[in-house]
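So that the names make sense, note that chain A is the first sequence line, chain B the second, and so on, each numbered from 1. Side-chain atoms are counted along with the backbone in the values below, which use heavy atoms only and exclude waters and symmetry mates.
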Amino acid sequence: MKSEPSVFGIDDLAECPNETTHWDGVRNYQARNMLRDQMKVGDLAFFYHSNCKPPAIVGIMEIVREGYPDHTAHDPDCPYYDPKSTAENPRWYMVDVKLVKKFKRPVSLEEMKRHPQLEGLPLLRRGNRLSVMPLEAKHWHFILTLSET
DNA sequence: GCCAACGTTGGC
DNA sequence: GCCAACGTTGGC
């Protein structure tokens, strides 16, 4: 799950009550479908810092509430406002996430690109713009190992 | 349903 | 700041 640290980074999550928050603002249908349909309580996710230097995976979160309507779409004062989404017919969804741990060190995009073991990782696909994306267990474990070295 | 124009994302 | 890669919009 991606976020720009200048907007909301892993340290912001650490400062949230109970280190938990709702992951709002996703406005892409593919990502929406994953938030709404696939992510289950207890699932784990990497926290990725995008659009910063260096872009990197910085920690782990746990899904603590399954997909429910993203109310920020209904607030005209919110940058994520979408007039086409209503309370009766919500278009956008979010989940609640809780910080599991911050990595001992960030695992940068550049570093991940260097490892052939991570071939096929959706994050490394050229032109990828999904803010929520799945990954395979083998990639998960490999990245975790990198973070511990 | 096609596709050109435009907007956004995000690495570099 | 540049630009590739997508997604969205809207005319037809």
If you check every side-chain atom of [X], which of [options] has the closest atom?
X: A:Lys2; options: B:dC12, C:dA5, B:dG10; result: B:dG10
X: A:Lys84; options: C:dT9, B:dG10, C:dA5; result: C:dT9
X: A:Arg126; options: B:dG10, C:dA4, B:dC12; result: C:dA4

Heavy-atom donor-acceptor pair, [X] side chain to [Y] backbone, under 3.5 Å:
X: A:Lys104; Y: A:Glu148; answer: yes
X: A:Asp75; Y: A:Thr72; answer: no
X: A:Ser85; Y: A:Arg91; answer: yes

Pick one: which of A:Glu119, A:Glu111, A:Met112 meets side chain to side chain contact (heavy atoms under 4.5 Å, CB included) with A:His115? A:Glu111
Please give, in whole Å, the distance from [N] [atom2] to [X] [atom1]?
X: A:Asn51; N: C:dA4; atom1: CG; atom2: C1'; result: 15 Å
X: A:Leu109; N: B:dT9; atom1: CG; atom2: P; result: 18 Å
X: A:Arg125; N: C:dG7; atom1: CZ; atom2: P; result: 11 Å
X: A:Asp82; N: B:dT8; atom1: CG; atom2: P; result: 14 Å
X: A:Asn128; N: B:dG11; atom1: CG; atom2: P; result: 8 Å
X: A:Glu4; N: B:dG11; atom1: CD; atom2: C1'; result: 12 Å
X: A:Glu111; N: B:dC12; atom1: CD; atom2: C1'; result: 18 Å
X: A:Leu123; N: B:dG11; atom1: CG; atom2: P; result: 8 Å

Taking the six-membered ring for Trp, are A:Trp92 and A:Tyr80 ring centroids under 6.0 Å apart?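 No, they do not, as the ring centres are separated by 6.0 Å or more.
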Tell me whether the side-chain N/O atoms of A:Tyr48 come closer than 4.0 Å to OP1 or OP2 in B:dG11. yes
Let's go through A:Ile10 and A:Leu99 carefully: what are the C-alpha distance in whole Å and the side-chain angles of both, what is the deciding distance for side chain to side chain contact (heavy atoms under 4.5 Å, CB included) to 0.1 Å, and is it a yes or a no? CA-CA 8 Å; A:Ile10 193 163; A:Leu99 181 64; 3.8 Å; yes
Only counting residues at least two apart or in another chain, list the ones meeting side-chain hydrogen bond (donor to acceptor under 3.5 Å, both in side chains) with A:Glu136. none
Any base atoms under 4.0 Å from A:Lys113, or only sugar-phosphate, or nothing? Heavy atoms, all strands. sugar-phosphate
Within residues 21-36 of chain A, those residues having any heavy atom closer than 4.0 Å to DNA chain C are A:Tyr29, A:Gln30
Is A:Arg32 positioned over the aromatic face of A:Tyr93, cation under 6.0 angstrom from the ring centre and no more than 45 degrees off axis? no
Indicate the ring-plane relationship of A:Phe47 and A:Trp23, choosing parallel, tilted or perpendicular according to the 30° and 60° boundaries.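 Because their plane-to-plane angle is over 60°, the rings of A:Phe47 and A:Trp23 count as perpendicular.
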Per the end-axis method with five pairs at each terminus, what is the bend angle of the helix from B:dG1-C:dC12 to B:dC12-C:dG1, to 10°?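 Roughly 10° between the end axes, to the nearest 10°.
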